[in-house]
Amino acid sequence: MENSFAITTTFIAYLVLMLAIGVIAYLRTKNSTDYFLGGRTLGPWPAALSAGASDMSGWLLLGLPGYAYAAGIEAFWLAGGLLLGTWANWLINAKRLRTYSITTDSLTIPEFFARRFNDNSKLIQTISAFFILLFFLFYTSSGLVAGGKLFETVFGLDYSIAVVIGTLCVVSYTLFGGFLAVSWTDLVQGLLMAAALIIVPVATMQGSFSDLTHQLEAINPELLTLWNDSKGEPLSAIAIISLVAWGLGYFGQPHILARFKATRSNKDLTTARRIAVVWTGLSMIGALMVGVVGLVYVTNTGSVSLDDGEKIFMLLVNSMFHPVVAGILLAAILAAVMSTADSQLLVSSSALAEDFYKQVFKQDASSDEIVMVGRIAVVGISIIALILAMSPDSSVLTLVSYAWAGFGAAFGPAMVLSLYWSRMNRNGALAGIIVGGVTIVIWKQLTGGVFDVYEIVPGIIFSTIAIVVVSLMTGEPDEVVKAQHAKFEKQLQELE
């Protein structure tokens, strides 16, 4: 009873802190630019940690440790791909996207594509918003599943009730504070996540790193090789490519790209990139260590049983720490869930408000009206994601992988090429977005042989081909697009 009270008190204190930040952000939210991009005022620390925290979600403390718990060192392929992708995304996209979004005066990714290619038909904006809503429903659901597992494990609640409570926690401050609330809370939550992932394996590990290696070898020597799976079977080229290819998804994630646009200056982005890469590297190493150290702990203890590897972080925390400390560390999972789900809800609501409501239904909608529609959208999208998350058998990593691939293929090639290739036109962009998104949906249903490769690989390849071929076949961009691109290049040099 005492343990439960201490953990509950810690959780309540944490939620009160997050809600307080939401209220302060609410008081500073004056218009739609504030609500959706925080008035473009983020410094390097909140930009970097907000991007990282909104990227990693509950899968960093549940899915990745669970994968390492089951597969051992094989999980380094996935972690390495993500670390490389983080660095490349900040290096390739950040400054150019921030500058181009200012040149085009665009708040959302769909709006950026529409204005970048002077698409007066609004077709690019509408289709982009559709894919955002489609894939974010799965992505947000993964966060709610993680929250459900957290409350189920910590408080012994029924899974369905646990998911509902987690959803209410996320919606409460996203609804009012908007982008500033999301970014400021992400700064706190990102630091908490990284600290928890370092503290837990260090406190749990018995002996030196060499001792850990010997213990893993005694359990299963195949856990210590990059080239075989846990059963001793050689990893195929398809398996390795599929794991590393996760890093390609970064170039098209709307909730991460939004942080680039919201940063206050291009110079801050260089500092933010370094912070983001260090944070990601430490967090990845910590998550992998939680998995392998947890496997040794469970094996050596004997009395501990674990039917779901994604709960290994929670098991270690509950077993090794004082209830008050455990409450703080377990709050890191809630932080991971909240920091991503809130960003996803915000991007989804902006897609509905800015890219559907304003463009299709009421083009003269006021800023206050757009913010209100965005807040209503947060509630509506949360309800649908909640329904998708209701199955207790849902895997956090599986849900994330599908949504991650969807965004990476639909928007990644279109984003990179639109920032660098002046010959790209409206038809090419539209073809790339559609081909990339549809490829993910279709490929996911196919199995066997080449179809076993992670769907993001063919999605990005086919999307890139579609952009290049269609752009070259349908003529050069119009004069408005050419002039705008020239203005962007000049502005980019001035901001360096």
Side-chain angles (χ1 to χ4, degrees), residues 3 56 58-84 153-154 191-235 239-240 243-244 277-333 336 396-397:
N3 289 2
M56 292 304 176
W59 82 270
L60 180 64
L61 289 96
L62 298 180
L64 188 56
Y67 180 32
Y69 179 87
I73 303 302
E74 174 190 325
F76 272 90
W77 288 113
L78 172 57
L82 289 169
L83 181 59
L84 184 61
T153 301
V154 175
L191 293 171
L192 180 58
M193 288 161 63
L197 286 169
I198 293 171
I199 291 170
V200 171
V202 169
T204 307
M205 192 165 65
Q206 301 294 323
S208 65
F209 186 79
S210 177
D211 294 331
L212 175 64
T213 303
H214 291 312
Q215 290 170 324
L216 283 172
E217 188 173 20
I219 296 171
N220 181 359
E222 301 300 342
L223 295 173
L224 294 170
T225 174
L226 279 170
W227 305 103
N228 293 343
D229 62 21
S230 58
K231 297 178 181 178
E233 298 292 330
L235 286 175
I240 293 174
L243 290 170
V244 176
V277 171
V278 171
W279 181 91
T280 301
L282 291 175
S283 299
M284 290 289 179
I285 292 172
L288 296 176
M289 290 299 291
V290 167
V292 295
V293 169
L295 175 60
V296 170
Y297 176 82
V298 170
T299 304
N300 291 344
T301 304
S303 60
V304 180
S305 62
L306 188 66
D307 57 350
D308 183 355
E310 291 191 340
K311 295 181 179 179
I312 185 60
F313 179 85
M314 291 181 278
L315 184 148
L316 293 180
V317 169
N318 281 324
S319 301
M320 299 296 298
F321 295 91
H322 183 277
V324 174
V325 178
I328 296 173
L329 294 174
L330 289 173
I333 300 178
V396 176
L397 196 59

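Index from 1, following the sequence. FYI, side chains are in, hydrogens and waters are out, and symmetry mates aren't considered; it's all heavy atoms of this structure.
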| So do L223 and L295 actually touch side chain to side chain, heavy atoms under 4.5 Å? | yes

| query | Minimum heavy-atom separation for L315 to V298, with atom names? | reply | CD2-CG2, 4.3 Å

| remark: Between F321 and L316 the two heavy atoms that sit nearest each other are CD1-O, 4.2 Å

| message | I'd like to check L330 versus N318 (side-chain heavy atoms, cut-off strictly below 4.5 Å). Are they in contact? | response | yes

| Heavy-atom check, side chain of L212 versus side chain of V293, under 4.5 Å | yes

| message | Ignoring hydrogens, what is the shortest heavy-atom contact between L235 and W77? Give both atom names and the distance. | response | CD1-NE1, 3.8 Å

| task | Taking the side chain as every heavy atom from C-beta outward, state whether Q215 and T299 have any atom pair closer than 4.5 Å. | result | no

| Closest heavy-atom pair and its distance - A287, L64 | CB-CD2, 3.8 Å

| task | Show your reasoning for whether side chain to side chain contact (heavy atoms under 4.5 Å, CB included) applies to L243 and F76. | result | CA-CA 9 Å; L243 290 170; F76 272 90; over 6 Å; no

| said: For a quick test of reading the model, state the closest non-hydrogen atom pair linking V290 to P201 and the distance between them. | reply: CG2-CD, 3.7 Å

| message | Quick one, I328 with L192, criterion side chain to side chain contact (heavy atoms under 4.5 Å, CB included). Give me CA distance, side-chain angles, the key distance, then yes/no. | response | CA-CA 9 Å; I328 296 173; L192 180 58; 4.1 Å; yes

| field | Close side-chain approach of M314 and L62, heavy atoms under 4.5 Å | value | yes

| request: Return yes if a side-chain donor-acceptor contact under 3.5 Å exists between Y69 and E310, otherwise no. | output: no

| note | Interatomic distance, CD@E74 vs CD1@I240, rounded to 0.5 Å, equals 9.0 Å

| task | Could you go through the side chain to side chain contact (heavy atoms under 4.5 Å, CB included) check for V296 and I219 one step at a time? | result | CA-CA 8 Å; V296 170; I219 296 171; 4.1 Å; yes

| message | I'd like to check the ring pair (Phe, Tyr, Trp, His ring centres under 6.0 Å) partners of W279; sequence neighbours left out, ordered by chain and number. | response | none

| field | side chain to side chain contact (heavy atoms under 4.5 Å, CB included) assessment of L83 paired with V277 | value | CA-CA 7 Å; L83 181 59; V277 171; 4.2 Å; yes

| said: How close do V200 and T204 get, counting heavy atoms only, and between which atoms? | reply: O-OG1, 2.7 Å

| request: State the CD-CD distance between E217 and E222, to the nearest 0.5 angstrom. | output: 10.0 Å

| request: Look up atom CG in L282 and atom CG in L197, then write down how far apart they are to the nearest 0.5 Å. | output: 10.0 Å

